[in-house]
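What follows is a short report on a single structure.
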Amino acid sequence: MEGTEHVIRAKSFTYKTSTTWTEGRSGTIGSEGKPTLKISSPPEFKGERGVWTPEDLFVGSVEVCHMTTFLSFAAQKKMTIVSYRSHANGVLEHIDEDYRFTRIVIFPTITVGKDVVETDVHALLREAEKHCLVANSIASIVEVNPTIIVHPG
């Protein structure tokens with residue numbers, strides 16, 4: 001209809017977790033309907049070795065958000081993604097009397113179908129970087145350094 005404005009109403013979502021202290025600097029974190037994870041301070045801060053830490057989960061949250069945002073955009077564009085894997089490095093620095101993450105660098109390796117143009121993959125990665133809600137919610141610099149492989153089949 002002419003003259004009618006379309007108003008987009010943004011939704012609000014709430015995500016709930018719960019933590020329980022078990023001993024020392026360790027505990028568990030969970031969310032309804034999901035597996036419980038054992039958590040601790042990192043060993044550098046007198047925590048337990050081999051256990052998920054807030055620092056691991058923080059860096060992982062950015063990495064997972066970037067992957068799922070990219071895959072969502074790729075699906076919208078009907079881009080053939082054969083595989084996606086990544087690793088991420090989060091740099092924790094002591095600044096102004098406190099520790100804070102100053103940079104998170106994500107290294108995705110993406111294999112795409114032979115019909116996919118590599119520059120299109122890079123464009124979608126930039127869009128994912130721009131629209132990743134977790135990265136947009138933090139003050140650290142988030143970088144993405146991809147490796148793109150074109151699948152021959």
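The shown structure was predicted, so the numbers you read here are calculated from the model rather than taken from an experiment.
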ask   = Taking C-beta and beyond as the side chain, do T53 and S41 meet within less than 4.5 Å on heavy atoms?
value = no

Shortest non-hydrogen contact from L124 toward A74 = CD1-CA, 3.6 Å

request  = Locate the shortest heavy-atom distance separating K16 from S31; write the atom from each residue and the value.
outcome  = O-OG, 2.7 Å

query = Is there a path of hydrophobic side-chain contacts, each under 4.5 Å between heavy atoms of I, L, V, M, F, W or Y residues, that connects I106 with V134?
reply = yes

query = Which value, rounded to the nearest 0.5 Å, describes the distance between L37 atom CG and T19 atom OG1?
reply = 12.0 Å

message = Using the rule that Ile, Leu, Val, Met, Phe, Trp and Tyr join whenever any side-chain heavy atoms are under 4.5 Å apart, tell me whether Y84 and I104 fall into a single cluster.
response = yes

Beyond-backbone contact of I138 with F101, side-chain heavy atoms, under 4.5 angstrom = no

request  = Kindly determine whether L92 and T102 satisfy side-chain contact (heavy atoms from CB on, under 4.5 Å), including the steps that lead there.
outcome  = CA-CA 6 Å; L92 185 67; T102 56; over 6 Å; no

key: same_hphob_cluster(I81, V116) at 4.5 Å side-chain heavy-atom cutoff   = yes

ask   = Between F13 and Y15, how do the two ring planes meet: parallel, tilted or perpendicular, split at 30° and 60°?
value = tilted

query = Any idea which heavy atoms bring V62 and A135 closest together, and the distance?
reply = CG1-CB, 4.4 Å

task = Just do the side-chain contact (heavy atoms from CB on, under 4.5 Å) check on M67 and L71 with the steps written out, would you?
result = CA-CA 6 Å; M67 179 191 75; L71 292 173; 3.8 Å; yes

request  = Answer yes if V112 and F73 sit in the same cluster of Ile, Leu, Val, Met, Phe, Trp and Tyr residues linked by side chain heavy atoms under 4.5 Å apart, and no otherwise.
outcome  = yes

remark   = Nearest heavy-atom approach of R25 to K46 is CD-O, 3.7 Å

ask   = Backbone N or O of V105 within a donor-acceptor pair of the N145 side chain at under 3.5 Å?
value = no

Distance (rounded to the nearest 0.5 Å) between K77 NZ and S72 OG = 11.5 Å

task = Quick one: closest heavy-atom pair of I95 and R100, and the distance?
result = O-NH2, 3.9 Å

query = Quick one: does F107's side chain get under 4.5 Å of T147's, heavy atoms only?
reply = no

query = What class does the angle between the rings of H94 and Y99 fall in, given that below 30° is parallel, 30 to 60° is tilted and above 60° is perpendicular?
reply = perpendicular

request  = Could you walk me through whether H151 and I149 pass the side-chain contact (heavy atoms from CB on, under 4.5 Å) test, one step at a time?
outcome  = CA-CA 6 Å; H151 191 269; I149 301 167; over 6 Å; no

inquiry  = Within the 4.5 Å heavy-atom criterion, are I29 and W52 side-chain neighbours or not?
reply    = no

ask   = Is a donor on one side and an acceptor on the other found under 3.5 Å between the side chain of E129 and the backbone of H66?
value = no

request  = Please tell me if the side chains of D56 and I39 come closer than 4.5 Å, counting only heavy atoms from C-beta onward.
outcome  = no

query = Is it true that atom CD of E93 has more than 12 heavy atoms of other residues, nucleotides or ligands lying nearer than 6.0 Å?
reply = yes

key: Single-linkage hydrophobic cluster, 4.5 Å side-chain cutoff, F58 and V142 together   = yes

query = What is the minimum heavy-atom distance between P42 and E55, and which atoms define it?
reply = CD-OE1, 3.3 Å

query = Where do H122 and I148 land on the side-chain contact (heavy atoms from CB on, under 4.5 Å) test, with the steps shown first?
reply = CA-CA 9 Å; H122 284 284; I148 311 298; 3.8 Å; yes

query = Do the side chain of S26 and the main chain of T22 share a donor and acceptor less than 3.5 angstrom apart?
reply = no

query = Checking T69 side chain against A128 main chain: does a donor-acceptor pair fall under 3.5 Å?
reply = no

